[in-house]
Trainee: 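Please see the structure below; I have some questions.
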Amino acid sequence: MSTPPKEANPIKESVNLPQTDFPIRAGLINLEPELLEQWQESNLAEAISTKQSQATKRWILHDGPPYPNGNIHMGHALNKILKDIIVRTKTMQGYASPYRPGWDCHGLPIEIQLLKQLQKEKNTELKADIPAFRNRCKEFALNYVETQKDDFKRLGINATWNTPYLTLDPHYEAEVIRCFGKMADNGLIYKGRKPIHWCMHCETALAEAEIEYDEHRSPSITVAFPIKTKSDALTRVIGDQNTHFLVWTTTPWTLPANVALAANSEYDYVAFNCEKGTFIAVKELVEKITEDAELGPITIIGSVKGAQLIGSVAHHPFIERESPVLNADFVTNEDGTGFVHIAPGHGQDDYFLGLEHQLPIIMPVDDKGHFTKDVPAWEGQQVFEANKAIGMHLEEAGKLIKLKFIKHSYPHCWRCKNPVIFRATEQWFVGMDRKMTHTGNTLREDALQAIKDTKWYPDWGEKRIRSMVEGRPDWCISRQRSWGIPIPAITCTGCGESLTGGKTNEHIAQFVRKHGTTAWFESDVTDIVPGASCPSCSGTAFKKESDILDVWFESGASFMGVLETDPAMTNPAAMYLEGSDQHRGWFQSSLLIGIGAMGKAPFESVLTHGFIVDEKGQKMSKSQGNVIAPEKVVKQYGADILRWWCAGTDFKNDVAISDNILNQARDSFGKVRNTIRFMLSNLADFEFETEAVLPSELTPIDAWILTQFNALLGKCNTHIANFDFHQLVHNVHDFCAVTLSGQYLDVVKDRLYCDSKKGLSRRSTQTTIYQMADALIRLVSPILVFTAEDAYRHFNSNNKETSIHLTALPTQIPNAQINQTDWSHFAEIKGAVYQELEAMRKNKEIKSFLEVKVTITTPTPPNIGNIAELLIVSQANVIKGNSVSYNIEKLPDEKCERCWRFLPTTQNLCTRCAPEVTPV
RNA sequence: GGGAGGAUAGCUCAGGUGGUUAGAGCGCACGCCUGAUAAGCGUGAGGUCCCAGGUUCAAUUCCUGGUCUUCCCA
C-alpha cells in the first residue's frame, strides 16, 4: 500500500510500514459478482453442506414461500437476508442448518396477471380451457421463480437454490392433498353454505386475506317496515294505529333477501307521529332521524324497551313475507335507527343470528352479482345497479323515508380493487370447534395450546396470534378458480355424499403425485379413484370437485411437503421467520394444518420482523415516491451494504430505509472494513505459528485490548443467541471506531513501524492483531458475506479454510490478566491530558501532540507500560505524589527522523531507532 | 370501529423494576496529521426522552386519555 520511495533512503526503508493487497476501496459492485461466480465454480455451497453433514445437531429454519409474480422488493430482501444471517451463524456454531427456499406458485394474483396478458393477446377464451390456462399460469410462475432466485442469489443468500420446493411440484401437491385427507379423517372438513366475501368481477369467493378495506360511496336509506303483529307491550303504546319500524341499511340490494329485523333489547325505543305516519325508532336517534329525513314536527306517542319489541313481526316492504323482530347486541344506537335489516345470505352477523333462530338463507344473486329469477322485478340486474331501482320502488310504495349517500370503509377485492359483496354459497370449511378424532379436542383448543408451547420472537407475537385464533371463524378453504390444487373430493351423483378421506384420498394423492393436479381437470373420476362406491347409497357414479384449495392451505401444508418428506429437514422446524403479517397468514395456516393433520405445530419458534418504511416511518408506496428497490441498492452500494443495513436495524419494529440511512450504513461498514484492512496490513511480515508470543508475554496494552475484545465477543454471543443482530452490528462498529482505531491501533502504530522488526513488543502486538483480525472477520462473515471472504483471502495465515464460510464463529482469545483499576485510571489521565493538549493547540502553542513532554503526578501510578507511548506523546513521566496533577512542556525542536518523536538524537536518530537503520 | 406494535439527539441504536447534569457511534463544527491517505487522530456543539392529565417528596420511566405511524381485523 505504500508507494516505493523515489530514492533510496535507509531510514525510510527501515520503517516497517503496513502492506496489503486488500484494496482500500471495497469495490463491492465488482467484487460481489466475481465472488459469486467463484463460489459457484468452486461449489462452495456444496462444501458448506458437506461440512454440515458432519454435524450431529440440526437446526432448521423453514422458508416461507414468497409469491413469484414480480421482482423482489425490499421486504423480501430483508426477510431473506435475516434468514441467511441466522442460518449462517447456526452453521458456524456447528449445526447442520440447510436452507431450502420455496415458492408459493398457485393462486389468484397469477391468474389475474395472466388474464391481463391474455387480454392483450386477444386470447381471452383460453381461460375456459382449464388445462391450457393452467399451463400458462405455470409458465408464468416458473419464470418469476427464476427471476426472484437470481435476485436472492445476488444478495448473497446461501440456499439449496437447485432444489427449491415449489407448491406446483406434483410431489408437493400430493402432500397437500394428503394433509386434506388426514384432516378429513380427523373430522375437520365439512361442506356448508355460508355468506362469504364474493368478488363478482373475479367471480370467486375471497378469503379474509384477500380483502382490502377502502372508501366506497353507498346509498344510505331509511325504510319503513309496516308492523304486522305487535307485541303486547307495543299494542299498549300504539293501539291499532298503522305503524312502521324505521330500518336503516346501506345495501338496499339485500332487501329482497330480508327475513328478519334486529333490535337491541337494552335500548329504549319510541313511537312518534308525523305528517308521513307513525314510526318507531331507537330513542337516542329519533331527533337525528327526523331532522335528516325532514319529517317535520313530530309527536312522541310513547316509549317501549327494546326487549318488549322482540316477538313483534313486520311485513316485508315489497315482498309477501314476514320479518320477525329479533334481539341482537350488534345493533347500536350510534348510527341508523335502532333496527337492522337481516339477510342471512348476505351478512356475517345476519348469518349467525339466522343460525340461532333457524332463519332461511335466501340468496337470489348469481356468480356475476346479478339478481336471479327469484327476484323477477330486477332479474339480471347487477346488485349495485339495482340499488337505484329498489330505491325508486320503495319511494313509489311510500316506504322510502330517506335516501342519501355516504362514504365509508368498505371491503374490496385485493386484486381487482372492486367492492365485494357478501353472498352465501356452497363452500368447504375447516371446522375450528369440531372435536378431532386424533386428539379428542377441537382444532381451536389444540392450536391455542400449541401457541403456548411455541417460543415467539418478539414475545408479544404470542398474544397477537392467540387472539386471532381465539376469534377466528371456521376456515373457508374452497375457491372457485382454476390455478391451484383441486379440493380432493368426489361426490356421489346419486345421493350427494362427498368422499374426502381414507382410500379416496390415497388414490387422489397417488394420482396427483404421478400426473400432477392439472391432470385432475383432464381425467375421468374413474381414472383418479377407480372402483369408488358410495358408503351411503352404494352408488358408483361420482363427479369431481371443481373448486380449488385456498392457497394458504397449500403453503400451510409445507411442513408436509418439505419438513416431513425431505430427509435433510426436521419436523417441526426450529424456526419460522416472516413479517408480522404472517401471524394471520402462513404461521396460522401452518399451525392449523399442523394440528389438524398431525396433532402438533410444525415450528418450535417463530420470529417476526416489521415492515419496510421510509425515514419518516411511512410505508412505501408508488404514490408516495418513497420506494427503494433492492436491485437499485445492490447496484449503487452493493449487497453487503444492504446486508449491513438489515443487520444493523432493529427488525422487531418497522424498518426504515432511505438514501440517508443507506449512506450511514455504507460509512459504518467502511469503518469496520478499513479497521480490518489496517490490521491485515500489519501482518504482512508475520508468521503466527513461529512468531506469536505467549499470553504471558503480551505487553500491557495488548493484554488490555484482548480483554476488551473478549468482552465484545461475549456480548456478541449473547446477541446472536437472542437474534439481536443490530446490537452486534453496533457493538462491532463502535469497537472498531473507538476501541480499536482510536484507543489501540493508533497507539500501537509506533511500535509496529519503528520497534525492532522481530522484537517482543512488535510480535506481541502482531500476535494480538492477528487473533483479533481472524476473529473479527469470522464474526461479521454471516452478515458481510462478500467483504469477509475478500478480507479472509488477504489474511496472512497458514491455517486457512478455502472460504471464510467454512469456519466457525470465534471463541475467546487466550490472554493475560490485566489490572482494570490501572487502566481506568489511565483513561482519566488521558482524557485530562488531551483536553489540555487540545487547548494548547487552540492557542497555537503546539501543533502536534508529539511536540510535548507530559509529567503526571498521582498517588497511584498505573503499571501499564510506557505512558509516553500510550499517550502518543514524545516523552512522559509518572511521579508518585499526594494529588493528581499534570504538567505539560513543549520540547525543544530535536526530532528523530525515523519515528518523528522529539527525543535526544544522534545523527538525527533516537536511541531506539538508531540500531534499526542499516547504513548504505 | 376493534386488536397488537412503535415513538429517547439530524440518523442508527443503548438505557433506566421512579432519584443529581439521559448515554454510544455516526453525521455535523473546529483543529491536527500526511507512515491506515478517496484514509487516520483530537476537541466540541446537539435531547421538553411524542403530547396532556393523574399518582408521588420526585415521572423520560408507573397509570389514564390523546396524537402520529406500522401490521392485522371489521
Side-chain angles (χ1 to χ4, degrees), chain A residues 1-3 12 15-20 22 24-25 197 208-209 211 213 330 332 334-335 348-349 408-411 458 460-468 470-472 579-585 588 608-619 644-645 648-650 652-658 660-668 670-671 674-682 724 726-727 729-739 741-743 745-747 749-750 752-754 830-831 833-839 841-842 844 846-851 872 898-900:
Chain A
M1 70 201 273
S2 56
T3 45
K12 202 100 183 160
V15 181
N16 306 305
L17 290 181
Q19 224 176 345
T20 180
F22 189 44
I24 181 84
R25 305 215 63 188
H197 286 291
E208 283 151 52
I211 298 293
Y213 283 79
F330 56 76
T332 76
E334 282 158 16
D335 233 337
Q348 199 79 255
D349 286 338
H408 61 153
S409 176
Y410 189 86
W460 49 258
E462 178 179 351
K463 197 162 50 163
R464 192 171 148 100
I465 192 168
R466 194 204 309 128
S467 69
M468 287 175 179
E470 275 169 353
R472 71 160 297 151
S580 57
D581 56 335
Q582 299 304 331
H583 283 122
R584 178 151 302 262
Q588 204 178 129
T608 54
H609 54 80
F611 277 69
I612 306 278
V613 293
D614 67 15
E615 203 169 304
K616 293 185 208 116
Q618 310 224 320
K619 68 174 128 200
W644 190 244
W645 161 78
T649 193
D650 184 0
K652 292 188 286 302
N653 299 325
D654 287 331
V655 171
I657 193 167
S658 66
N660 183 25
I661 291 168
L662 283 168
N663 281 332
Q664 183 185 332
R666 194 230 284 113
D667 290 353
S668 154
K671 182 74 198 186
N674 218 340
T675 305
I676 290 171
R677 175 172 181 271
F678 184 64
M679 292 200 279
L680 298 187
S681 70
N682 280 292
D724 279 333
H726 69 291
Q727 306 253 42
V729 164
H730 277 271
N731 287 167
V732 166
H733 173 262
D734 291 2
F735 190 83
C736 286
V738 179
T739 315
S741 276
Q743 296 176 355
L745 293 173
D746 205 36
V747 165
K749 267 185 218 172
D750 176 66
L752 285 169
Y753 298 173
C754 299
K830 188 175 178 184
V833 169
Y834 271 38
Q835 266 179 19
E836 276 191 45
L837 286 172
E838 188 61 28
R841 186 142 67 183
K842 276 254 148 67
K844 313 267 186 204
I846 56 165
K847 291 194 87 177
S848 157
F849 290 4
L850 283 177
E851 292 168 29
I872 323 183
R898 183 163 177 272
C899 70
W900 299 345

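Each chain gets a letter, A, B and so on, in the order its sequence line appears, and its residues count up from 1.
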Trainee: Of all the choices, B:U70, B:A36, B:U34, which nucleotide is nearest to the side chain of A:F678 once you look at every atom?
Mentor: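 The closest nucleotide is B:A36.
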
Trainee: B:G1 and B:U21: how far apart are their C1' atoms, nearest whole angstrom?
Mentor: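 The same atom, C1', in both gives a distance of 46 Å.
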
Trainee: Start at the 5' end of RNA chain B and walk down; is the nucleotide closest to A:G610 or to A:K847 reached first?
Mentor: A:K847

Trainee: Donor-acceptor pair under 3.5 Å: do we get one between A:S741's side chain and the base of B:A36?
Mentor: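 Donor-acceptor pair under 3.5 Å: yes.
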
Trainee: Is the shortest side-chain N to carboxylate O distance from A:K619 to A:D654 below 4.0 Å?
Mentor: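 A salt bridge is absent here (no side-chain N lies under 4.0 Å from a carboxylate O).
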
Trainee: How far does the P atom of B:G53 sit from the matching atom of B:U61, given to the nearest Å?
Mentor: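 The answer is 13 Å between these two P atoms.
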
Trainee: For B:G35, does OP1 or OP2 lie under 4.0 Å from any side-chain N or O of A:K749?
Mentor: no

Trainee: Return no unless some side-chain N or O of A:Y410 is found under 4.0 Å from OP1 or OP2 of B:A74.
Mentor: no

Trainee: Within a strict 4.5 Å, meaning less than it, do heavy atoms of the A:E851 and A:I846 side chains meet?
Mentor: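 Sidechains of A:I846 and A:E851: in contact.
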
Trainee: Closest to the A:R677 side chain: B:A36, B:C72, B:U37?
Mentor: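 Of the candidates, B:U37 comes closest.
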
Trainee: With a 3.5 Å limit on both atom pairs, tell me what B:C13 is paired to, counting Watson-Crick and G-U wobble, or say none.
Mentor: B:G23

Trainee: If the P atom of B:U43 is compared with that of B:C26, how far apart are they to the nearest Å?
Mentor: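 Nearest-Å result for B:U43 against B:C26 at atom P: 12 Å.
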
Trainee: What distance, rounded to whole Å, do you find between the two P atoms, one in B:C62 and one in B:C71?
Mentor: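 Roughly 26 Å separates the two P atoms.
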
Trainee: Give the rounded distance in Å between these two atoms: CZ of A:F611 and P of B:C72.
Mentor: 5 Å

Trainee: Provide the Watson-Crick or G-U wobble partner of B:C71, both distances under 3.5 Å; none if there is no partner.
Mentor: B:G3

Trainee: What closest approach, in Å, do A:D750 and A:C899 show between heavy atoms, and which atom pair accounts for it?
Mentor: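 What the structure gives for the nearest pair is OD1-CB, 4.0 Å.
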
Trainee: Return the minimal non-hydrogen interatomic distance between A:Y753 and A:R898, and the atom names on each side.
Mentor: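 Taking A:Y753 first and A:R898 second, the nearest heavy atoms are O-NH2, 3.8 Å.
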
Trainee: Roughly how far apart, to the nearest Å, are B:G15 and B:G2 at atom C1'?
Mentor: 34 Å

Trainee: Between B:U20 and B:A58, how many Å separate the two P atoms, rounded to a whole number?
Mentor: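 So the two P atoms sit 15 Å from each other.
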
Trainee: Give A:W645 one of three labels, base, sugar-phosphate or nothing, depending on what nucleic acid heavy atoms sit under 4.0 Å from its own.
Mentor: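 A:W645: no heavy atom of the nucleic acid under 4.0 Å.
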
Trainee: Without decimals, in angstroms, what is the distance between A:E836 CD and B:G42 P?
Mentor: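 Atom CD in A:E836 sits about 18 Å away from atom P in B:G42.
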
Trainee: Output the single nucleotide from B:C30, B:C33, B:A36 whose closest atom is nearest the side chain of A:S848.
Mentor: B:C33

Trainee: Report the distance from atom NE2 of A:H197 to atom C1' of B:C73, rounded to the nearest whole Å.
Mentor: 10 Å

Trainee: Give a yes or no on whether a salt bridge exists between A:K652 and A:D650, defined as a side-chain N under 4.0 angstrom from a carboxylate O.
Mentor: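 So A:K652 pairs with A:D650 through a salt bridge.
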
Trainee: Tell me: NZ of A:K616 to P of B:U70, nearest whole Å?
Mentor: 12 Å

Trainee: Does A:R472 get its side chain close enough to the base of B:C73, under 3.5 Å, for a donor-acceptor pair?
Mentor: no

Trainee: In Watson-Crick or G-U wobble terms, both distances under 3.5 Å, what is the partner of B:C62?
Mentor: B:G54

Trainee: Restricting to non-hydrogen atoms, name the atom on A:T649 and the atom on A:H726 that form the minimum distance, rounded to 0.1 Å.
Mentor: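 Nearest pair, atom of A:T649 first, then A:H726: O-CB, 3.3 Å.
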
Trainee: Quick one: closest heavy-atom pair of A:E838 and A:F849, and the distance?
Mentor: OE1-CZ, 4.0 Å

Trainee: Of the options B:C71, B:U34, B:C32, whose atoms approach the side-chain atoms of A:R841 most closely?
Mentor: B:C32

Trainee: Measure the OG-CH2 distance between A:S580 and A:W460 for me, rounded to the nearest 0.5 Å.
Mentor: 5.5 Å

Trainee: Mark up nucleotides 5-15 of chain B, 5' to 3', with B wherever a protein heavy atom is under 4.0 angstrom from a base atom, S wherever such an atom reaches only the sugar-phosphate, and - elsewhere.
Mentor: BS----BBSS-

Trainee: Look at the side chain of A:D734 and decide which nucleotide, out of B:C30, B:U70, B:A24, has an atom nearest to it.
Mentor: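 Closest of the options to the side chain of A:D734: B:A24.
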
Trainee: State the syn/anti category of B:G25 according to its glycosidic angle, syn meaning within 90° of 0.
Mentor: anti

Trainee: Any idea which heavy atoms bring A:G579 and A:T608 closest together, and the distance?
Mentor: O-CG2, 4.1 Å

Trainee: Measure from CD on A:Q348 to P on B:A74 and round the result to the nearest Å.
Mentor: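 The answer, rounded to whole Å, is 8 Å.
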
Trainee: Both A:N674 and A:G461 contact RNA chain B. Taking the nearest nucleotide for each, which residue is further toward the 5' end?
Mentor: A:G461

Trainee: So, for A:H583 and A:R464, which heavy atoms are closest and what is the spacing to 0.1 Å?
Mentor: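 Heavy-atom minimum between the residues: ND1-NE, 3.1 Å.
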
Trainee: Counting heavy atoms from C-beta on, name the nucleotide in B:U70, B:C72, B:G42 closest to the side chain of A:F849.
Mentor: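 Output: B:G42.
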
Trainee: Could you tell me whether A:D581 and A:R584 make a salt bridge, using a distance below 4.0 angstrom between a side-chain N and a carboxylate O?
Mentor: no

Trainee: Which is true for A:R666 with a 4.0 Å heavy-atom rule: it touches a base, it touches only sugar-phosphate, or it touches nothing?
Mentor: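 No contact.
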
Trainee: Name the pairing partner of B:G31, where a pair is Watson-Crick or G-U wobble with both distances under 3.5 Å, or state none.
Mentor: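 Looking at the geometry, B:G31 pairs with B:C41.
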
Trainee: When the P atoms of B:G66 and B:A4 are compared, how many Å lie between them, rounded to an integer?
Mentor: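 Here B:A4 and B:G66 have their P atoms 14 Å from each other.
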
Trainee: Measure from CG on A:D750 to C1' on B:C33 and round the result to the nearest Å.
Mentor: 15 Å

Trainee: Using atom C1' in both nucleotides, what's the gap between B:G65 and B:U55 to the nearest angstrom?
Mentor: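 Those two atoms are separated by 15 Å.
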
Trainee: Starting at CE of A:M468 and ending at C1' of B:G3, how long is that distance when rounded to a whole Å?
Mentor: 8 Å

Trainee: Does B:C49 have a Watson-Crick or wobble mate here (both distances under 3.5 Å), and if so which one?
Mentor: none

Trainee: Take atom CZ of A:R466 and atom C1' of B:C73, then tell me their distance rounded to the nearest Å.
Mentor: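 Spelled out: CZ on A:R466 to C1' on B:C73 is 17 Å.
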
Trainee: Between B:G40 and A:K671, is there an OP1 or OP2 to side-chain N/O distance shorter than 4.0 Å?
Mentor: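 True: A:K671 side-chain N/O within range (under 4.0 Å) of B:G40 OP1/OP2.
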
Trainee: Which part of the nucleic acid, if any, lies within reach of A:V738 when heavy atoms closer than 4.0 Å are counted: base, sugar-phosphate only, or nothing?
Mentor: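 Sugar-phosphate only.
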
